[in-house]
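These notes are about the structure you will find just below.
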Amino acid sequence: MDHLGDYEVVVIGAGHAGIEAAHAAAKLGAKTALFTLTLDGVANLPCNPSIGGTAKGHLVREIDALGGVMAMAADATFLQSRMLNLGKGPAVHSLRVQTDRKRYHEYMKHLLERCENLELKQAEITDITIENGRVTGVVTRLGAFYGAKAVVIATGTYLGGRIFVGEASYASGPDGQHAANQLTESLRAAGIPLRRFKTGTPARVHRRSVDFDRLERQPGDEEIQPFSFLTKGEMHNQVDCYIAFTNPRTHEVIQRNLHRSPLYGGKIEGIGPRYCPSIEDKVVRFAEKDRHQIFVEPCGMNTEEMYLQGMSSSLPEAVQNEMYRTIEGFENLEIMRPAYAIEYDCCDPTCLAATLETKAVKGLFGAGQFNGTSGYEEAAAQGLLAGVNAARSAQGKEGVTLARHTSYLGTLVDDLVTKGVLDPYRMMTSRSEYRLTLRQDNADERLTPIGREWGLVDDERWAAFTATHEAGEKERRRLETTTIRAAQLEQPFRAAGLEPPGVGGTAAALLKRPEVSYRLLAQVIGWGEGVDKRTAGRIETEIKYEGYIARQQRQIQEVKRQEATLIPADFDYAPLSGLRLEAREKLAAIRPANLAQAGRIPGVSPADLAVLAVALTAHRHGHKEEQHDQ
């Protein structure tokens, strides 16, 4: 075995998790190597060619606020932008962009190539070397050894990957790339609990074979908001997307061929994503529905491939041809890449600490689909946190975590390591009990100071944040102190088709009214100095929902008190006879860091939590007495 180099951090896999992990580690000054099976697969979008979506858009904004790169790449390569859920409250507004798949890969690959402290390498990692319970390096398929103080596993769906199309199945990663088949045994030997999950992707079809006149057009937003807080200048949509629908004929084809689906024939062992089911699953589980939506989306400007979101399948190729062609507008469809399911190895995330370091091996971290999640955005967010902590571990520093009330990333990690997953985890706004304070519009206010503290936020980003923050604070004070007379509101209200309020008041008081917007008031008092559209929207939301936000902040303060009750890593739960057996077993396995986390473990009841709180108080007092005696 040849020793070809030494690094502080090695990242395995250059998908969305691996990219953010390697970039974060390198930015913190750690000498980093990012290994990928093929350089042509860096930042691949093997499933839908898009970034963001409900709750996922929140994660992208959070990655950006912390100093990550996904948002900037999405802004630089987008084809169409839409803000989702505008008919609902601001807590669930989420940005989603259609992305040029090839350009996204090129942008990210070039960014990594230019990143200081980072080396990008094409090689398959087959073994992780461990001594005395700590990572020491990695071994490639060609027999090369690279020393490492910390390793991040970001293997996506490549680890033990197996493709299924009807009766056919074979070892493979997505898009025909080869799988990583040897690393699994190394991880098992290290004591990492593994399982099989599966996901799927729809067919890619030729643009010329789709009759778009018979589909429902889905244009982008007229006024585009960027993902990144650093993106400036005008942005323009370049394409339209479309919506098609399945019909009873489509469902009849699927029902008639269910026995040929490896999912229903028992060939697939892995558990699929609950919230992104295949079309076979939809037809079976929602038999009362006579149609399902299909989003027809371009893969890029310089390709004729179109992606059929919502129509993933593992049915045989011949059945796919028949099935797709029953859909209006698809009668002459040319399939360029058939749909497939892919099964892969991942870990039980309860084997991880909140830093995403494995409990079994020091210096070994997990991120992305390896941790049992689904989605580019979930992967990238975890990658950033894992990369930060891998660098800190290599540098002899304490790890950092994010509480769930700070971010969707904090919620995501807490759910994974505390509750575990039964199927691929997908981020949703409903998973957060603090979603009114965790909006996408205030991600920078919540997280950029944390990113600065970690060392990820550079001077340029910090200066931009500081300027925006100060402008927002100044504008908030102006709105609270500027009085507007009723007569001043007459003309702008009538022009907007609204009944004038009849009475005046401060701008902030008027803004609390549901029908009053910042833009409307700005016609009277002018637009705030240095206030951009995104900041104006955030101020408006915070004023309108001030009472609800204050109530949520009180809830957060109560949780913080529980989080302040720390649980020693070696705390012995066995003697606590007041705890039920299930609670003792779960607490000993998960090893929660504090009382708040303990209360979120499935199987730990409020009564168990009360017993634990008393025991921790007694433990602290006993420890203090021991110190006093000494």
Side-chain angles (χ1 to χ4, degrees), residues 7-11 17 20-32 62-63 65-68 117 130-136 147-154 192 349-367 371 381-407 409-414 416-418 446-458 559-571 587 590-598 600 616 619-620 623 627:
Y7 298 91
E8 290 178 283
V9 175
V10 161
V11 179
E20 296 290 352
H23 177 265
K27 201 163 185 180
L28 295 187
K31 185 182 179 184
T32 304
E62 291 183 354
I63 292 164
L66 286 165
N117 300 320
I130 299 165
E131 292 180 13
N132 300 319
R134 185 169 191 91
V135 159
T136 57
K149 295 180 180 179
V151 172
V152 179
I153 305 170
I192 308 301
T350 60
C351 76
L352 304 168
T355 58
L356 298 182
E357 184 178 31
T358 62
K359 297 171 185 175
V361 182
K362 291 292 182 185
L364 182 62
F365 296 80
N371 290 352
Q382 294 170 72
L384 185 145
L385 183 63
V388 168
N389 281 317
R392 293 179 70 91
S393 174
Q395 295 164 350
K397 299 176 182 177
E398 288 291 318
V400 293
T401 60
L402 288 169
R404 66 185 293 121
H405 60 75
T406 67
S407 55
L409 172 52
T411 303
L412 163 62
V413 172
D414 185 66
L416 291 176
V417 305
T418 304
R446 292 184 281 115
L447 297 175
T448 298
I450 294 174
R452 180 70 168 178
E453 183 182 332
W454 289 354
L456 283 181
V457 172
D458 58 24
V559 171
K560 282 183 176 180
R561 281 192 285 273
Q562 287 192 326
E563 287 175 345
T565 305
L566 302 179
I567 304 176
D570 59 352
F571 188 78
L587 289 164
I590 302 297
R591 291 278 160 198
N594 54 60
L595 198 61
Q597 187 185 3
R600 293 190 291 269
L616 288 170
H619 181 273
R620 283 198 304 276
H623 186 61
Q627 288 181 326

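This chain uses plain numbering: 1 for the first residue, then up along the sequence.
Contact record, Ala65 with Thr448: O-OG1, 3.0 Å, taken as the closest heavy-atom pair. Minimum interatomic distance between Ala354 and Leu385 (heavy atoms only, all atoms of both residues): O-CD2, 3.8 Å. The shortest heavy-atom contact between Glu563 and His405 is OE1-NE2, 3.2 Å. Ala360 and Ile192 get closest at one heavy-atom pair: CB-CD1, 4.2 Å. In terms of heavy atoms, Ala386 sits closest to Ala367 at CB-CB, 4.0 Å. Taking both residues in full, the closest heavy atoms of Arg591 and Phe571 are given as NH1-O, 2.5 Å, listed atom of the first, atom of the second, then distance.
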| message | Applying side-chain contact (heavy atoms from CB on, under 4.5 Å) to Glu8 and Asn117, what does each step give before you reach the verdict? | response | CA-CA 10 Å; Glu8 290 178 283; Asn117 300 320; over 6 Å; no
| said: With side-chain contact (heavy atoms from CB on, under 4.5 Å) as the criterion, how do Val400 and Glu453 come out once you've worked through the C-alpha distance, each side chain's angles and the decisive distance to 0.1 Å? | reply: CA-CA 11 Å; Val400 293; Glu453 183 182 332; over 6 Å; no
| request: Carefully, step by step, assess Leu356 and Val413 under the rule side-chain contact (heavy atoms from CB on, under 4.5 Å). | output: CA-CA 8 Å; Leu356 298 182; Val413 172; 3.9 Å; yes
| said: For a side-chain contact (heavy atoms from CB on, under 4.5 Å) check, start with the C-alpha distance between Asp414 and Gln597, then their side-chain angles and the critical distance, and finish with the verdict. | reply: CA-CA 8 Å; Asp414 185 66; Gln597 187 185 3; 3.8 Å; yes
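Side chain of Asn389 to backbone of Thr355: a donor-acceptor contact under 3.5 angstrom is found. Checking side-chain atoms of Arg392 against main-chain N and O of Lys397 turns up no donor-acceptor pair under 3.5 Å. Checking side-chain atoms of Glu62 against main-chain N and O of Leu409 turns up a donor-acceptor pair under 3.5 Å. Between the Lys362 side chain and the Gly133 main chain, no donor and acceptor come within less than 3.5 Å of each other.
Atom-to-atom distance recorded for His23:NE2 and Leu28:CG is 10.0 Å, nearest 0.5 angstrom. Taken from CG in Leu616 to CG in Asn594, the straight-line distance is 10.0 Å, to the nearest 0.5 Å. Interatomic distance, Gln395 CD to Lys149 NZ, rounded to the nearest 0.5 Å: 8.5 Å. The distance from the CZ atom of Arg452 to the CG atom of Asp458 is 7.5 Å, given to the nearest 0.5 Å. Once rounded to the nearest 0.5 Å, the distance linking CG of Leu384 with CD1 of Ile63 reads 7.0 Å. In this structure, CG on Asn371 lies 8.5 Å from CG on Leu412, to the nearest 0.5 angstrom.
For the pair Ile567 and His619, the minimum side-chain heavy-atom distance is 4.5 Å or more. Annotation: side chain of Thr418 is not in contact with side chain of Pro592 (no heavy-atom distance under 4.5 Å).
Atom NZ of Lys359 has more than 12 heavy atoms from other residues, nucleotides or ligands within 6.0 Å.
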